[in-house]
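The structure is given below, and queries will be raised subsequently.
Each chain gets a letter, A, B and so on, in the order the sequences are listed, and its residues count up from 1.
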Amino acid sequence: MEASLLAGLNPAQRAAVTSKVPVLQVLAPPGSGKTKTLTSRVAHLLAHRDYNPQNVICCTFTIKASREMRERLRALVGEQLESKLILGTFHSVCRRYLAAYGTKIGIAKGFGIADSSDSKSIVKRIIKEHDIKLEPQTARSKISWNKARFRTVASLEAELAKSKEPAQSKQDMITVFREYEDELKNNNLLDYDDLLLRCVDLLRAQPTCVANVEALLIDEFQDTNIVQYELMKLFASARNHITIVGDPDQSIYGFRSAEIENLKRMQAYYRDAVVINLEENYRSGGAILKLAQDVIDQDTARPDKKLKSTHCHGALPVLRRLPNSFEEGLWIASEVKRIIASTGGLIGHADIAVLIRSGYLSSRVEKAFTNAGIPYRMVGGTRFFDRAEIRLIVDYLRTISHPDNNAAFLAIINVPSRKIGEKAIESLAKLSEEHKLPIFRVVQKVLAGSLVPEKKLSKPSEQDLSRLISIINKARDKMEDMQPAQVPSRLIEYVVEVLHLQAYLQKKYKDDYEDRIENVQELIAYASDMTVMSTTETLPTVEGIAQEQIDQCQEALDQFLANIVLSSEVEQDDKDDPKPRVTISTIHSAKGLEWPVVFIPSVYDGSIPHSRAEDTDEERRLLYVAITRAQALLNISFPLIGSRDQGLNAHDLTPFLPESLHYRTANKAPLFTDSIIADIARILRRETPSPADIAQGVTSISNSESLEDDRWPLDGRPALGPEQDIMTGGWIVGAGRLQPADSSFQSTQGIASYQTTMTSSRSFSTSNTSMNAGFTTAGQQMRSINTMHQGHTLQDSPAPPAPATNAPRGIQSFFSRRPSAAEAARQAWSARPSQSAPVSASKGGGRSGTQPQSLSQSVSNLPTMPSISDRHGTSDPQQLLPHLSNHRLPAFNAMGRAAAPGRVLTGQTGSVGVKRPRPLPLEELSPNRSKRVYHFLSSSPTQELFDENGEVTIGTKEDFDTAMKVGKQNTPSCGTNSHPGGSTKDSGTERGGPALQRPPVDPRKRQLGVRGSFVPWNERKRK
DNA sequence: CAATTTCCGCTTTTT
DNA sequence: GCGGAAATTG
Ligand SMILES: Nc1ncnc2c1ncn2[C@@H]1O[C@H](COP(=O)(O)OP(=O)(O)OP(=O)(O)O)[C@@H](O)[C@H]1O
């Protein structure tokens, strides 16, 4: 056993695992086996040094890390021992201690945990009440900032008293802080910081609680804040036997008050502390490590440390430029498919991760995955438990668990509607204040008639309220008769039933109630799985101090609720869902994990480093962490232009990947040659797939897909060629996506033209040289984009002037470059059932073979539409304006990427996630979800103007207003030039001329990337 | 007074 | 594309 435990370890790791020193710090770079060492050490202590698992505390920072560690330990020492360990996040371990001993320091039994939204609403209420000018968000983070540093209301007051100029803002802050703390106390709630702080209080007052602790082990120690540091000392106080592992370079939780200095502090405090360094990296290919090293070396304050590779060099990391974030998503999806298909089973979906800086960046990738049929799971994004229907149920449970929790009770008091409004709640709250009673009790008394609110409740609301009270009380009674393990799920079922939740959801969310009901079912399933957790959360009994007598059922419920608050995501149940999935995760939640293939999209300045980040070094470390997650393949990418949300402004590549590092990267993803595949297999310590396997995999690549990363030009221009019908599920007409430069524009007069100016090597601006009212054309637009990109070279390697039409593509190049597998592949290829045209001539559209359908052809193929002019008996734009629909255009969403001022697109109307009611339903105009031509005045389609040809002009209200003004002064003639994106030379004239003038756009608003008064995100609030 | 509708502003990272 | 505030309707 001992041998097998140590077998997979190098000498330094072994030394750390078996070390007998009391205080041990293992400091090492990523991938050096820190976690493995820590886990082995726990196993070693249990198996060979006779430590009792009940007396070993193991702390991690994230739920995922603790789960991972539990699993690894189960494999090493068996469930018997593993389940007895005190293992979890700091917060969850603290919760257990407070639940067991909290009453000893005056924490009432059955305390609840305030999650961020509870804290937020409490702070908000206080701010409103006191009319304090403070952003709830900032107030909340300041409170947390202080609490994480042991600063209390009292200490802040003392500080303020000492300072010469008492600032009002500080006083306000203290007021909010004080009221917030009072509010938590009155509701018997602890927030995240309280869990730690109160546990420190507890252990200081009652060190006996941890008298049994023989060893304390902490993972990712660089992320401790000083409260956690204090906890470390207290947890270990009986024996002072501590092992921590960490890496200062991976400190990414500074925003949560983590202090890297704790490492030094610890060395100073425990004089006998021994440091062991691990050096070899066992995770990543050499090329990836070199890039990682160069990135982290930019931090000059950092002591020089080198990453030592144990693997071959492997494929160069990829730094890929793409036109915009939508196409970046498409690229990732197509790469995922390509990687899986070309590596002969070596790499599967589960081996791939997409790591993003911010949660919202996931949506594009998710959409692209969905449409490409790639299974994925998103971790730590929009949280399951934050969904309205889930929160509602959870708030019911919280009320059932603890009716005195005002926050929870107020959240449910009028949901579903009980005709209790603002005023009614106000008067109830007043009574609650006066009588120092929780609102729940107040309501009971009011209903019994022993209290009378200022504002008398209406009869129906009184009835509904008494029903609510009885629901809660009945649930509490029922709970006692249940099996503890079943309490959460049974209670949920009860709540769902008595509230007629299904009907309620159906009514409230007409559009997507099915999803919501599914969510509820998922919650029930999650609750039923609770059983497993409960045993591992029990603390051992310690001589000399009694634990709280716990009511099993109550405890089961509280544990369930705590887990919801302290976790953030539902664990994917591997049993039900063995389907391998690509992981999409934030970089933060990916810490400590590894994948064979890692994508890091959107590495632009403003995302990494985030525009609001205070600490650039931490942002750099974040990129470092992301890079070092990759084992064999690393794909970094960034969009040259932001999405419409970001005003289509140009992005700069992150400063953390300056040009001087680009030689460490390739500008496109590798072709999977035999030697690359062999390298990947070696790095992953997997078997190299046979040529036959590889050939087999290749057959899954469809005609329209390439075996090379050659769908997008290397310099970030949009892909030309066949329109990808990914987003609209099947059809976009011909080449309607972007009109190619058309000779008819050359003669067009009055068109605003763009001139691109290089302002620096890294940025550019486009300036408009003509102020004529008129329309730019798609071709014009296209040319200006091209000019721009040509001037905007980001890499030394020359970009090809156009997509490589002559270069061997797809399977052909595969054959020419992979002689060893070529024959097998060729056979497999010809054995394909539907052996149609070769790749280059298939959907190749404009590039080879089939001519794309011209837009005019497409348009004439459109079914005839009822015209809005006919419907309203006028063609006066002013009169028609009120009839414009006022929702986001679904087809626009569907086409996502392509809309820009002056562009012309053909697309399909239909509902894509539009929830809002529409003044003018599109279906009404186009009952068959027909094809339409869209003219974009701007990239923000809040209004549409239909003309009698069934064509739609899209723009903001502002665009239309301006257009109307300009149009009146200078009525454009009905020629090509009066039509935005007039690429359809026939769109008006050939069909009798537009009855409605398509309103001209103010040219100033048409500069690429500048939409009206829009200010890009990263420049908005940099206060 | 409550419910519904519309409009506005804003999106770091986690326990 | 959402939550919250303001405006409007019931
Ligand atoms: N001695 C070893 N021989 C072979 N492989 C090893 C060895 N030690 C660790 N590994 C492997 O290296 C990889 C990284 O290990 P681990 O996750 O423990 O590193 P880490 O230092 O915790 O990384 P990070 O700091 O990124 O969390 C794992 O796949 C692990 O199995």
Side-chain angles (χ1 to χ4, degrees), chain A residues 59-66 88-95 113-117 119-121 124 128 135-137 141 144 148 190-196 223 225 227-228 252-258 355-363 379-383 386-388 414 417-427 455-458 460-461 508 562-569 585-591 606-615 618-619 621-622 625-626 643-646 886-888 893 912-917 919 942 957 1014-1015 1017-1018 1020-1021:
Chain A
C59 283
T60 64
F61 280 82
T62 60
I63 310 275
K64 217 181 303 159
S66 73
T89 62
F90 270 102
H91 291 86
S92 102
V93 171
C94 287
R95 190 204 74 86
I113 300 174
D115 69 9
S116 350
S117 68
S119 306
K120 200 163 124 198
S121 60
K124 203 182 271 173
K128 202 168 167 190
E135 286 290 313
Q137 194 59 37
S141 62
S144 175
L190 300 181
D191 70 9
Y192 293 118
D193 297 307
D194 284 331
L195 286 175
L196 306 178
D223 290 325
N225 65 27
V227 179
Q228 286 159 332
I252 53 175
Y253 280 103
F255 72 94
R256 217 171 77 181
S257 305
L355 305 183
I356 50 184
R357 168 68 241 260
S358 317
Y360 71 91
L361 293 169
S362 75
S363 64
V379 298
T382 359
R383 293 150 182 226
D386 277 349
R387 323 252 348 210
N414 197 34
S417 167
R418 298 190 178 86
K419 292 162 204 70
I420 315 283
E422 209 180 324
K423 289 286 145 71
I425 288 176
E426 223 165 75
S427 65
K455 205 79 235 161
K456 264 194 86 188
L457 296 168
S458 70
S461 52
K508 177 141 189 212
N563 277 320
I564 284 180
V565 177
L566 294 181
S567 82
S568 41
E569 73 199 70
S585 165
T586 60
I587 299 173
H588 283 91
S589 336
K591 194 153 71 111
S607 178
I608 310 185
H610 193 271
S611 48
R612 305 175 64 163
E614 286 153 26
D615 183 349
E618 181 157 312
E619 296 289 304
R621 292 194 293 265
L622 205 46
V625 167
S643 63
R644 67 177 187 287
D645 291 344
Q646 292 153 328
N886 180 10
H887 65 283
R888 309 243 169 199
N893 284 335
V912 179
V914 176
K915 284 200 199 122
R916 289 163 209 279
T942 50
K957 208 185 277 175
F1014 194 90
V1015 184
W1017 278 119
N1018 46 4
R1020 270 194 191 168
K1021 266 207 188 151

**Message:** Side-chain N or O of A/S116 versus OP1/OP2 of B/dT15: is the shortest distance under 4.0 Å?
**Reply:** no
**Request:** Select one nucleotide: of B/dT12, B/dT15, C/dG4, the one nearest the side-chain heavy atoms of A/E619.
**Result:** B/dT12
**Request:** Determine the contact category for A/S458: base if any of its heavy atoms lies under 4.0 Å from a base atom, sugar-phosphate if only primed atoms, P, OP1 or OP2 are that close, otherwise nothing.
**Result:** nothing
**Item:** Length of the line joining A/K419:NZ and B/dT4:P, which is rounded to integer Å
**Value:** 10 Å
**Request:** Return the nearest nucleotide to the side chain of A/K423; candidates are B/dT15, B/dT12, B/dC1.
**Result:** B/dC1
**Item:** Stepwise side chain to side chain contact (heavy atoms under 4.5 Å, CB included) check, A/D223 with A/F90
**Value:** CA-CA 11 Å; A/D223 290 325; A/F90 270 102; over 6 Å; no
**Request:** Figure out the CG/P separation between A/L190 and B/dT15, and round it to whole Å.
**Result:** 18 Å
**Request:** Test side chain to side chain contact (heavy atoms under 4.5 Å, CB included) on A/I113 and A/L195 and set out the steps.
**Result:** CA-CA 8 Å; A/I113 300 174; A/L195 286 175; 4.2 Å; yes
**Asked** How do A/T62 and A/E614 order along DNA chain B: which one's closest nucleotide is nearer the 5' end?
**Response** A/E614
**Asked** Within less than 4.0 Å of OP1 or OP2 of B/dT14, is there a side-chain N or O belonging to A/R256?
**Response** no
**Asked** For the pair made of NZ in A/K120 and C1' in C/dC2, what is the distance, rounded to whole Å?
**Response** 11 Å
**A/R357 side-chain proximity, nearest of C/dA5, B/dT12, B/dT15** = B/dT12
**Request:** Using the aromatic ring of A/H588 (for Trp, its six-membered ring), decide whether it stacks on the base of B/dT13 within the limits of 5.5 Å and 30°.
**Result:** no
**Message:** Check for me: is A/F255 stacked on B/dT13 by the 5.5 Å centroid and 30° plane-angle rule?
**Reply:** yes
**Item:** A/K508 NZ - C/dG3 C1' separation (whole Å)
**Value:** 12 Å
**Request:** May I ask you to say whether A/K423 pairs ionically with A/E426, meaning some side-chain N is under 4.0 Å from a carboxylate O?
**Result:** no
**Message:** Whole angstroms only, please: what is the OH-C1' distance between A/Y253 and B/dT12?
**Reply:** 11 Å
**Item:** Nucleotide of B/dT12, B/dT15, B/dT14 approaching A/T586 most closely (side-chain heavy atoms)
**Value:** B/dT14
**Request:** Looking at every strand, decide which applies to A/E422 at a 4.0 Å heavy-atom threshold: base, sugar-phosphate, or nothing.
**Result:** sugar-phosphate
**Message:** Can you identify which nucleotide, out of B/dT14, C/dA5, B/dT12, has its nearest atom closest to the A/S589 side chain?
**Reply:** B/dT14
**Request:** In whole angstrom, give the distance that lies between atom CD of A/Q228 and atom P of B/dT14.
**Result:** 16 Å
**Asked** Can A/N225 and A/R256 be said to form a side chain to side chain contact (heavy atoms under 4.5 Å, CB included), step by step?
**Response** CA-CA 8 Å; A/N225 65 27; A/R256 217 171 77 181; over 6 Å; no
**Item:** B/dT15 OP1/OP2 closer than 4.0 Å to side-chain N/O of A/N225
**Value:** no
**Distance, rounded to the nearest Å, where A/I252 contributes CD1 and B/dT12 contributes P** = 17 Å
**Asked** Can you find a pair of side-chain heavy atoms, one from A/H588 and one from A/V625, that are under 4.5 Å apart?
**Response** no
**Request:** Calculate the interatomic distance between A/D223 atom CG and B/dT13 atom P; express it in whole Å.
**Result:** 16 Å
**Item:** Selected nucleotide, minimal atom distance to A/R612 side chain, candidates B/dT12, B/dT15, B/dT14
**Value:** B/dT12
**Asked** Between B/dT15, C/dG4, B/dT13, which nucleotide has the shortest distance from any of its atoms to the side chain of A/K124?
**Response** C/dG4
**Message:** Within the 4.0 Å heavy-atom criterion, would you say A/N414 contacts the bases, only the backbone, or no part of the nucleic acid?
**Reply:** sugar-phosphate
**Item:** Side-chain N or O of A/S92 closer than 4.0 Å to phosphate OP1/OP2 of B/dT15
**Value:** no
**Message:** Determine whether a donor-acceptor pair (N or O, by modelled atom type, separation under 3.5 Å) exists between the side chain of A/D115 and the backbone of A/V565.
**Reply:** no
